[in-house]
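Here is the naming used below: chain letters follow the sequence lines, and residue numbers restart at 1 for every chain.
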2 protein chains.
Amino acid sequence: MPEHVEHLENVSLPPEQGDGEAASRRHREPLTRERILRAALQVMDQEGLEAVTMRRLGRELGVEAMSLYNHVKDKEAILEGILEVVMAEFEFPEETGDWEADVRAGARAWRRLMIAHPTVIALFAESKHPASSPERLRPMEWAFEILGRGGLSEVEVVRAFRAFGGYIMGSVLNEVANPVPGMGDRDHHAEHMQLAGELPPTEFPNLVRLLPLMAECDAEVDFEFGLDLLIAGLRAKANRPAR
Amino acid sequence: MPEHVEHLENVSLPPEQGDGEAASRRHREPLTRERILRAALQVMDQEGLEAVTMRRLGRELGVEAMSLYNHVKDKEAILEGILEVVMAEFEFPEETGDWEADVRAGARAWRRLMIAHPTVIALFAESKHPASSPERLRPMEWAFEILGRGGLSEVEVVRAFRAFGGYIMGSVLNEVANPVPGMGDRDHHAEHMQLAGELPPTEFPNLVRLLPLMAECDAEVDFEFGLDLLIAGLRAKANRPAR
DNA sequence: CGGCATATGCTTACGGCGTCAGGTAGTCTA
DNA sequence: TAGACTACCTGACGCCGTAAGCATATGCCG
C-alpha cells in the first residue's frame, strides 16, 4: 500500500502552515445536495442517463462515492432531484393578456425546457412517485392559472392541462427518441432516407412516400402544428370567436 | 388455446436410456430469440424494466445468462426486441370508412397497446435508434394510410401523424408516470389529495383547487378529450363539415 | 485549554450487473 | 469415424449501488 498521496491541489492555496492535506480539504468548497444535483444534471445532459453513477458523480466532485450519501438518501433521490433542478429552470413567459398567445408561449417554454435537457423525458418515464416538490409544482400552478383564464370550466381546465401536457411530453419524446435533422444529428436523416429506400414498397407504400418528407420536417414547426390543432379545438369548446 | 406441442422432441432421437440430465436437457424446448423476447416482455410487464436482466432471463428460461448470447447480440437487442414484440401485438381496428371514427379508433388502439405494457414508454424514451423492423413499422404504415384519407395534403398527413403520435405517447406517459385512480393504484389518489391539503394555498391556489378534481378524473375520458381537440382542429384544417 | 459530540468524508466489502474467453458435450455430415 | 458445428456452461473482469465501520475536522461545553 503506497503512502498517502498529498494531493496536488494544495499548491494553489496560500501556504498557511505545514499540513497540506488538511489545508486542501479546508479550501475545497463543501459538498452539498445542490452541488451534487448540478453535477448530476450536467453529466446526464452530456453523456446520458447511464453515465450518472454514484462513483462518477464522486469523481466529478473530487470525492468518493460514499460521501454523497451524507447529502442524499439514494441514487433515486438524485434522479428526482435532477427533475427538481430542471423544473426550477422553467422560464415563465411574460403574460400578454391574450389567452391564446399565453397558452402558446407556455407550451413553448415547456418544450424548450425539455429540449434543453432531453434525457429528463426518460427520467419522467421511469419515475415512480408523482411530483411533490414546489420546484416541480410551480410551473404546473402557473399553467393552471393561464389555462383558467380562457373561459373553460374547472374540469375543462384540468383536461386541457392534461391534453397540452401530454402533447408536449409526447412530442418531445418522439423528437428525441426518433431524431430528425434540424436539431442535432444529421445522420438520422440519412438513416430515414435509407430505410425508405429499402422498404418493400408494396407493403409500405405510405412509408416509402412519406418517410422522406418526415425526415425533412422541422420539429419546431411540427410542434406548432399540433399546438394549433389543440388550441383550435379548445377555442371551439370555449365558444370563443376566432380572434 | 393450449396448442403448444413439442414437435422437435420426438423427431430427434429414439428414447435412450437412463441418463437423467441428458433426458431433461432434451425435452426442454430449445432457446430461441422469440422465447427470450417473450420472457423479457413478461418480466418487464410484471416487475418493471430494472428486473429485466440477463441472469434473470436465463433463470426464467432454465438456462445460464451467457446462453442467451447465442440468440441475441446484446441486452440492448433484447430491449429493442421487446418493442418489436409489443408493436406486433397492435390490433388494427376494423375500418369503417368514416374518417374521424377510424382516426379515433386508431388512436385508441395505440393507447390500449401502451397501457397494456406501460413500461414500453420508458423503453421508447431510452431507445437510441429509430424504428426499423417491419413489426414496428406496420402500425405506422397503417396510421399513415388512415390519416391520408382525410383530405389532407401530404405534409399535413405527416404533421398530423406526429401530432397524434406525440399526444398518444405523452398522454400514456403522464398517465403511467403520474398515476391517478381509475386504473390501478388507489393510493396515488390519496397521495394527490394529501398533497393538495398540504400545499400553501396562497402560493398554489389553482393546484389546491384543481388537484382533487384531477385525482378524480378518468384517464380514458381525458384521453378522449384531447383526441377531440386534435380532431376538431384537423377537421377545420381539412375543410370538412362537422359531420 | 481539554474533551467530547457531531458532521463529513474515506475504506472496505458484498452481491448483482453485462459480457469476454474458453470449455464441453451432443449432433450432423463426409 | 473424424471433424466441424451447435447449444449451452463455467469462470472471470470491471463496473454498479450501498451497508458498515473508521478517520478526521469542527463546534460547543466546562
Side-chain angles (χ1 to χ4, degrees), chain A residues 1-7 9-10 13 16-36 39-40 43-44 47-81 126, chain B residues 8-36 39-40 43-44 47-81 126:
Chain A
M1 197 76 70
E3 35 106 28
H4 260 287
V5 240
E6 316 278 313
H7 290 133
E9 338 165 358
N10 60 2
L13 65 94
E16 291 184 26
Q17 54 180 12
D19 189 345
E21 158 133 4
S24 98
R25 188 174 297 175
R26 188 169 335 113
H27 105 289
R28 100 176 142 202
E29 68 212 294
L31 215 47
T32 57
R33 183 181 126 97
E34 181 72 16
R35 246 158 59 78
I36 294 174
V43 170
M44 191 184 87
E47 306 178 39
L49 197 50
E50 76 283 359
V52 178
T53 250
M54 300 304 275
R55 286 168 168 87
R56 170 65 192 276
L57 294 182
R59 215 175 305 137
E60 210 74 17
L61 295 162
V63 129
E64 295 299 315
M66 287 308 290
S67 300
L68 303 174
Y69 287 88
N70 288 314
H71 305 272
V72 296
K73 177 179 175 304
D74 268 305
K75 187 183 177 184
E76 198 190 323
I78 294 185
L79 298 183
E80 280 184 25
E126 290 174 3
Chain B
L8 269 184
E9 181 188 337
N10 18 7
V11 179
S12 62
L13 264 212
E16 216 169 321
Q17 87 300 1
D19 189 341
E21 154 129 8
S24 95
R25 189 176 295 175
R26 192 169 336 108
H27 30 81
R28 97 177 145 206
E29 67 213 297
L31 215 47
T32 58
R33 183 181 125 100
E34 181 73 17
R35 245 157 62 76
I36 293 174
V43 170
M44 192 184 87
E47 305 178 39
L49 197 50
E50 76 283 0
V52 178
T53 253
M54 301 304 275
R55 286 168 168 87
R56 171 64 192 275
L57 294 183
R59 216 175 303 136
E60 210 73 20
L61 294 162
V63 129
E64 294 301 313
M66 284 311 288
S67 300
L68 303 174
Y69 286 89
N70 289 310
H71 305 272
V72 297
K73 178 179 176 305
D74 271 302
K75 186 184 176 183
E76 199 191 323
I78 293 184
L79 297 183
E80 280 184 24
E126 291 174 3

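- Between A:I78 and A:A40, the shortest heavy-atom distance links the atoms CG2-CB, 3.8 Å.
- Among D:dG17, C:dC10, C:dT8, the nucleotide with an atom closest to any side-chain atom of A:H71 is C:dT8.
- Taking atom CZ of A:R55 as the reference point, atom P of C:dC17 lies 16 Å away to the nearest angstrom.
- In this structure, A:E64 atom CD and D:dT24 atom C1' are separated by 15 Å, rounded to whole Å.
- Put simply, B:S67 has no side-chain N or O that comes within less than 4.0 Å of OP1 or OP2 on D:dA7.
- Annotation: side-chain contact (heavy atoms from CB on, under 4.5 Å) contacts of B:E64 (sequence neighbours excluded): B:S67.
- Listed nucleotides: D:dC8, D:dT18, D:dG11. Nearest to the side chain of B:N70: D:dC8.
- In this entry the distance linking CD1 of A:I36 with P of D:dG17 reads 13 Å, nearest Å.
- Between the CZ atom of A:R59 and the C1' atom of D:dG14 there is a distance of 12 Å, rounded to whole Å.
- Rounded to an integer number of Å, the gap from A:E50 CD to C:dC17 C1' is 15 Å.
- In this structure, the side chains of B:L61 and B:L68 come closer than 4.5 Å at one or more pairs of heavy atoms.
- A:D74 places its CG atom 17 Å from the P atom of D:dC16, with the value rounded to the nearest Å.
- If you measure from atom OH of A:Y69 to atom P of C:dG9, you get 15 Å, rounded to the nearest angstrom.
- Rounded to an integer number of Å, the gap from A:L31 CG to D:dT26 P is 16 Å.
- Remark: B:T53 is in phosphate contact with C:dG18, judged by side-chain N or O atoms under 4.0 Å from OP1 or OP2.
- Closest approach to the A:V63 side chain among C:dG18, C:dC10, D:dT18 is made by C:dC10 (side chain taken as heavy atoms from C-beta onward).
- Contact of the B:R56 side chain with the B:E47 side chain is registered, since non-hydrogen atoms from C-beta on lie closer than 4.5 Å.
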